[in-house]
2 protein chains.
Amino acid sequence: MRYKRSPLMEERLADNRQRILVSARKLVAEGGFRAAQIAAVAADAGLSTGSIYRYFPSKADLFVEVLGEAVKHEIEILRTIAKSEGTAADRLRRAVESFARRAFEGPFLAYAFIAEPAEAEVDIARIRARREFGNVFKSILKDGIASGEFPAQDGDVASACIVGAFTEALIGPIGPTHRGERHREQVIATISLFCLRAVVGPAVLAPRAGARSPRRRNTA
Amino acid sequence: MRYKRSPLMEERLADNRQRILVSARKLVAEGGFRAAQIAAVAADAGLSTGSIYRYFPSKADLFVEVLGEAVKHEIEILRTIAKSEGTAADRLRRAVESFARRAFEGPFLAYAFIAEPAEAEVDIARIRARREFGNVFKSILKDGIASGEFPAQDGDVASACIVGAFTEALIGPIGPTHRGERHREQVIATISLFCLRAVVGPAVLAPRAGARSPRRRNTA
DNA sequence: TCACGAAATGAATGTAGATTCACTTTTATT
DNA sequence: AATAAAAGTGAATCTACATTCATTTCGTGA
């Protein structure tokens, strides 16, 4: 006969699953993917290695989900900013600064999601995630271009540049080396300023002779 | 008694060593670090796995050297551009475009050196390399600031932003999801334009009220 | 309380690939 | 040519984990 799970049991199982996710995220945040073996996750979650596999079919699946959750949360925050009141420039600045500030708080998590290698599946999920981040910035750019605040520019490339600019600038201070607590706000401000200037751009800079000018694309 | 190696032998050994490096680079260029196991490198170089270890103490050492050679070459090119004639803006543009164009030519190699995960030691070497790239850009920035071409700005952060911007923007077209060949020059132009605008910056953009303004730093 | 299915366990197994080393071949020295 | 050092070989070993599965423990329904 098939047994039905009591509500209490149901809850406990859901709780286990959640705890696994939390432990996995925590381990990644503290020491990168390198530190997040199944055995370690299991230990942290208070379960055995075998049990992990009752909840997730494989390590890759587990971490794709961990990455997904974290990204979803981050994207929500960015979207909220993107949709808020204010000039496009201001929203862009707030978005960059918010992201950067949060990255400072969970350095290794950010590092792992931004730079550290992992299983192929996770790599793919990561690239998707970056594109999603880029898309949010792209939407802000589009607004700004439409309103005439920003000059016409390729949103795909520019948004990738923005994401790249601040991740790279953050990895310096974040990664294995630096950690300067003091600079923090200073660095964040410099980064956002860099991105803003790049996007607003001085009219002066016409593409030189030989180059095909980057005309407005996908103005969907 | 210790034997002395004949010049011919000396040469053959040096040749082996070089062939190992070349094979390793080639495998990475073709299939990323994933495809570059010691056995594969050995096979490609026409040696046995054991022999690899006569030339390099470990896989990590081998790949740190492979990375190092490639970086050295790239840095030389960038330095040449940085020291060449022309306005700082022009040199910056040429540097960015040269790098980007070369990355397009050896996508896997660039991807591996820019983004693919690998041994910890290699990761560290990669970060060092990025910093070196950054330094070249920083020197151009410094010139531009000194000459009044660019507004005062934090060279460390700005150069990191530049490196990040173009690497990230390249990973899209370069990485696992490489699509259209056509955009190429267009993408390159857009990237360099982005960096130029960021650095030249519209005077308009005064930092908003609350923020500590990023004042001129290390104007060494 | 019993009997059975679900869940949990963790030692054993599997796997991928780096690294070693006893042995073979080549080279230098006499 | 004889001898010993170097260099080369590749199967065997080691390492680091993910994954499995026979066994145990727990929860459910009678």
Side-chain angles (χ1 to χ4, degrees), chain A residues 1-21 23-24 27-28 31-66 112 116-123, chain B residues 1-21 23-24 27-28 31-66 112 116-123:
Chain A
M1 182 222 277
R2 220 124 235 301
Y3 288 164
K4 210 175 123 239
R5 291 192 292 223
S6 72
L8 185 67
M9 192 58 185
E10 197 83 60
E11 192 183 314
R12 192 176 331 193
L13 291 185
D15 189 63
N16 278 350
R17 190 172 199 284
Q18 192 54 33
R19 220 169 44 256
I20 292 171
L21 286 168
S23 293
L27 287 172
V28 171
F33 282 116
R34 286 185 212 295
Q37 310 95 326
I38 289 292
V41 173
D44 190 274
L47 291 168
S48 65
T49 61
S51 296
I52 302 288
Y53 287 86
R54 184 173 294 281
Y55 295 91
F56 298 91
S58 77
K59 191 193 181 188
D61 284 82
L62 166 57
F63 281 96
V64 165
E65 188 161 336
V66 168
E116 204 189 14
E119 350 267 80
E121 288 190 51
V122 177
D123 259 11
Chain B
M1 184 221 281
R2 285 207 95 65
Y3 288 171
K4 210 175 121 243
R5 291 191 290 225
S6 73
L8 186 68
M9 192 58 186
E10 196 84 61
E11 193 183 314
R12 190 173 339 196
L13 291 186
D15 188 63
N16 279 349
R17 191 171 199 284
Q18 192 54 33
R19 221 171 42 258
I20 293 172
L21 285 169
S23 293
L27 286 172
V28 170
F33 283 117
R34 287 186 210 293
Q37 310 95 325
I38 290 292
V41 172
D44 190 273
L47 291 168
S48 64
T49 60
S51 295
I52 302 288
Y53 287 86
R54 186 172 294 283
Y55 295 90
F56 298 90
S58 77
K59 190 194 182 190
D61 284 82
L62 166 56
F63 282 96
V64 165
E65 189 160 335
V66 168
E116 204 189 13
E119 350 265 77
E121 288 191 51
V122 176
D123 264 9

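Lettering of chains follows the sequences in order, A, B, ..., and the numbering in each one begins at 1. Remember, predicted model here, so these are calculated numbers, not experimental data.
- The residue Phe56(A) sits apart from the nucleic acid: no heavy atom pair falls under 4.0 Å.
- Tyr3(B) contributes a side-chain N or O that forms a donor-acceptor pair with the base of dA4(D) under 3.5 Å.
- The side chain of Arg34(A) places no N or O atom within less than 4.0 Å of a non-bridging phosphate oxygen (OP1 or OP2) of dC17(D).
- Counting heavy atoms from C-beta on, the side chains of Asp15(A) and Glu11(A) never come closer than 4.5 Å.
- Taking only side-chain nitrogens and oxygens, Arg2(B) never comes nearer than 4.0 Å to OP1 or OP2 of dT29(C).
- In this structure, Phe33(A) atom CZ and dC17(D) atom C1' are separated by 16 Å, rounded to whole Å.
- Here the C1' atom of nucleotide dA6(C) and the CE atom of Met9(A) are 7 Å apart, to the nearest Å.
- In this structure, CG of Leu62(B) is placed 16 Å from P of dG17(C), rounded to the nearest angstrom.
- Each of Leu62(A), Asn16(A), Leu21(A), Asp61(A) was scored for a side-chain contact (heavy atoms from CB on, under 4.5 Å) with Tyr55(A), with one residue passing: Asn16(A).
- In terms of position along DNA chain C, the nucleotide closest to Gln37(B) lies nearer the 5' end than the nucleotide closest to the other residue of the pair Met1(B) and Gln37(B).
- Contact between the side-chain N/O atoms of Arg5(A) and the OP1/OP2 oxygens of dA7(C) is found at a separation under 4.0 Å.
- Listed pair Tyr55(A) / dA8(C) meets the phosphate criterion, a side-chain N or O lying under 4.0 Å from OP1 or OP2.
- Ile38(A) places its CD1 atom 21 Å from the P atom of dT13(C), with the value rounded to the nearest Å.
- Position along DNA chain D of the nearest nucleotide to Leu13(B) versus Leu8(A) favours Leu13(B) as the more 5'-ward residue.
- Rounded to an integer number of Å, the gap from Phe63(B) CZ to dG17(C) C1' is 12 Å.
- Applying the 4.0 Å criterion to OP1 and OP2 of dG8(D), one finds that Asn16(B) has a side-chain N or O inside that range.
- Under 4.0 angstrom from either OP1 or OP2 of dA18(D) there lies at least one side-chain N or O belonging to Lys59(A).
- Whole-Å rounding puts the Arg54(A) CZ to dC21(D) P distance at 14 Å.
- When the C1' atom of dG8(D) is taken as reference, atom CG of Asp15(B) falls 15 Å away, rounded to whole Å.
- Between the NZ atom in Lys4(A) and the CE atom in Met9(A) there is a gap of 14.0 Å [rounded to 0.5 Å].
- For the residue pair Ser58(A) and Tyr53(A), the shortest heavy atom distance occurs at CA-CE2, 4.0 Å.
- Listed nucleotides: dA18(C), dT20(D), dG27(D). Nearest to the side chain of Tyr53(A): dT20(D).
- In terms of position on DNA chain C, the residue among Ala39(B) and Ser6(B) whose nearest nucleotide sits closer to the 5' end is Ala39(B).
- The CD atom of Glu10(B) sits 13 Å away from the C1' atom of dT27(C) (whole-angstrom rounding).
- Between Ser48(B) and dG8(D) there is no side-chain polar atom (N or O) within less than 4.0 angstrom of OP1 or OP2.
- The side chain of Leu47(B) lies closest to dT9(D) when the candidates are dA7(C), dT9(D), dA7(D).
- Taking all atoms of both residues into account, the shortest heavy-atom contact from Asp44(A) to Leu27(A) is CB-CD1, 4.5 Å.
- For dT9(D), one of the phosphate oxygens OP1 or OP2 lies less than 4.0 angstrom from a side-chain nitrogen or oxygen of Ser51(B).
- To the nearest 0.5 Å, the span separating CG on Leu47(B) from CD1 on Ile38(B) amounts to 11.5 Å.
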